Amino acid sequence: MAVFTPVTLDDISQWIQQFPLGKALAIKGIASGIENSNFFLTTERGEYVLTIFENLSFEQLPFYLRLMDHLATRGVLVPAPVATNAGELLAPLHGKPAAIVSKLEGRSQMDPQPVHCAAVGAMLARMHLAGLDYPLQQPNLRGLAWWNETTPLVLPYLSDDSAHLLRSEMHFQQAYAGCETYHQLQRGPVHADLFRNNVMFDGERLTGFFDFYFAGCDTWLFDVAVTVNDWCINLDTGVLDEARVRAMLDAYHAVRPFTAAEQAAWQPMLRAAALRFWLSRLYDFYQPREAEMLTPHDPTHFERILRERIATPAPGLTG
Ligand SMILES: Nc1ncnc2c1ncn2[C@@H]1O[C@H](COP(=O)(O)OP(=O)(O)O)[C@@H](O)[C@H]1O
Ligand SMILES: N[C@@H](CCOP(=O)(O)O)C(=O)O
């Protein structure tokens with residue numbers, strides 16, 4: 001079960017009147033979510049997605065929803081939140097924060113080819129540029145501070161070999177985050193979780209990025225590294241596929257050229273991006289939280305990727 005808070009058409013017949021969407025005609029729970037309760041909602045004005053936030057609060061959510069609104073207004077393909085008649089992007093439903101956003105066409109591309117990676121790279125660069133004048137600030141809540149807190153919680157569960165890797169990578173990343181090159185990296189709002197399942201395609205046409213609820217302000221290069229580490233790899237081995245990497249990075253670079261500091265930081269950043277998801281998967285696996293993660297993702301996938309990034313230099317940011 002992935003709808004934690006059930007909603008019926010009756011429940012929302014009054015509630016929907018605060019939105020300029022006409023009457024609600026149909027509502028259908030979406031099974032695949034793991035964090036929130038999501039529904040496809042048909043109204044007199046069209047197709048939307050209704051999300052009831054199970055964990056994020058009224059105070060935390062404006063950063064994400066206003067970011068989506070900011071990006072959508074600037075032509076980046078992301079779900080556009082629908083404001084209430086009073087101009088609010090959030091409205092309580094069954095005592096929890098809820099939002100309605102536009103429904104993206106298409107489906108996730110789980111077997112991406114270079115053409116898909118190029119589309120993602122170009123849109124990611126457009127997203128970074130469009131976020132430059134976004135006024136709200138929130139750090140990446142899964143950044144170095146969270147890695148420092150989480151490492152001691154998961155270390156006791158690891159084999160000696162894995163614990164050694166985690167400790168040494170943490171030392172490496174802590175030192176890297178203090179170096180001059182790191183501080184020269186361009187920063188702004190980043191998606192921070194742009195995996196294959198968070199992008200929609202209609203054939204080869206990218207129709208949008210979604211699931212912005214890990215977004216925060218961080219280096220743009222971190223976002224690129226997270227994306228490459230998922231879209232451009234052989235999922236069994238973690239090995240990078242050069243054709244997909246090249247397609248993604250060249251398309252990004254054509255929109256927003258990489259800087260010299262970014263080129264210098266690329267290999268450490270790919271390791272940082274692998275470490276981030278190794279840690280979160282270890283945390284979810286060994287410290288499961290009720291109703292938040294139904295089937296924890298496999299942490300060893302990102303341990304394998306981290307080892308591979310340490311052992312084998314990735315193709316450079318520019319070809
Ligand atoms: N704006 C949207 N347009 C179309 N489908 C969406 C949209 N938002 C979510 N979905 C669908 O809902 C599913 C779950 O959404 P997701 O944001 O991944 O949920 P969770 O944050 O709970 O994991 C997605 O896989 C997708 O099929
Ligand atoms: N992409 C992360 C987990 C976050 O899940 P999502 O479905 O909300 O993107 C991972 O693979 O560990």
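Indexing begins at 1, ligand by ligand and atom by atom, following the structure's order. A quick note: this is a predicted structure, and the numbers were derived from the prediction, not measured.
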Original post:
What orientation do Y64 and Y213 show, parallel under 30°, tilted 30 to 60°, or perpendicular over 60°?
Top reply: perpendicular
**OP:** Within a distance under 4.0 Å of any heavy atom of F195, pick out the atoms of ligand 2 and give their elements.
**Re:** 1 (N), 10 (C), 11 (O)
Subject >> cation_pi(K28, F39) dist<6.0 Å, angle<=45 >> reply: no
Original post:
In terms of atom number and element, which parts of ligand 2 are under 4.0 angstrom from non-hydrogen atoms of N197?
Top reply: 7 (O), 9 (O)
Subject >> Remaining members of the apolar cluster that contains L25, side-chain heavy atoms under 4.5 Å >> reply: none
Subject >> For F277, the ligand 2 atoms whose distance to one of its heavy atoms is below 4.0 Å >> reply: 2 (C), 10 (C), 12 (O)
Original post:
Are F53 and F58 an aromatic pair by the rule of ring centers under 6.0 Å?
Top reply: no
Subject >> Option nearest atom 11 (O) of ligand 2 (shortest heavy-atom distance, choices R142, H297, R281) >> reply: R281
Original post:
Got a salt bridge between R304 and E308, using NZ or NE/NH1/NH2 to carboxylate O under 4.0 Å?
Top reply: no
Original post:
With hydrogens left out, which residues have an atom under 4.0 Å from ligand 1, given that only heavy atoms count?
Top reply: I30, S32, G33, I34, E35, N36, N38, F40, V49, P79, V101, S102, K103, L104, M200, F210, D211
**OP:** Check whether any N or O atom of S280, backbone or side chain, sits under 3.5 Å from an N or O atom of ligand 2, and answer yes or no.
**Re:** no
Original post:
Do K96 and T5 have side-chain N/O donor and acceptor atoms under 3.5 Å apart?
Top reply: yes
**OP:** Quick one: name the residues clustered hydrophobically with M200, using the 4.5 Å side-chain heavy-atom rule over I, L, V, M, F, W, Y, and just say none if it's on its own.
**Re:** L104, F210
Original post:
Ion pair present between D202 and R205, side-chain N to carboxylate O less than 4.0 angstrom?
Top reply: yes
Original post:
Nearest non-hydrogen atom to atom 2 (C) of ligand 2 belongs to which of D211, D193, N198?
Top reply: D193
Subject >> D223: partners by salt bridge (charged side-chain N to carboxylate O under 4.0 Å, His left out), with sequence neighbours left out >> reply: none
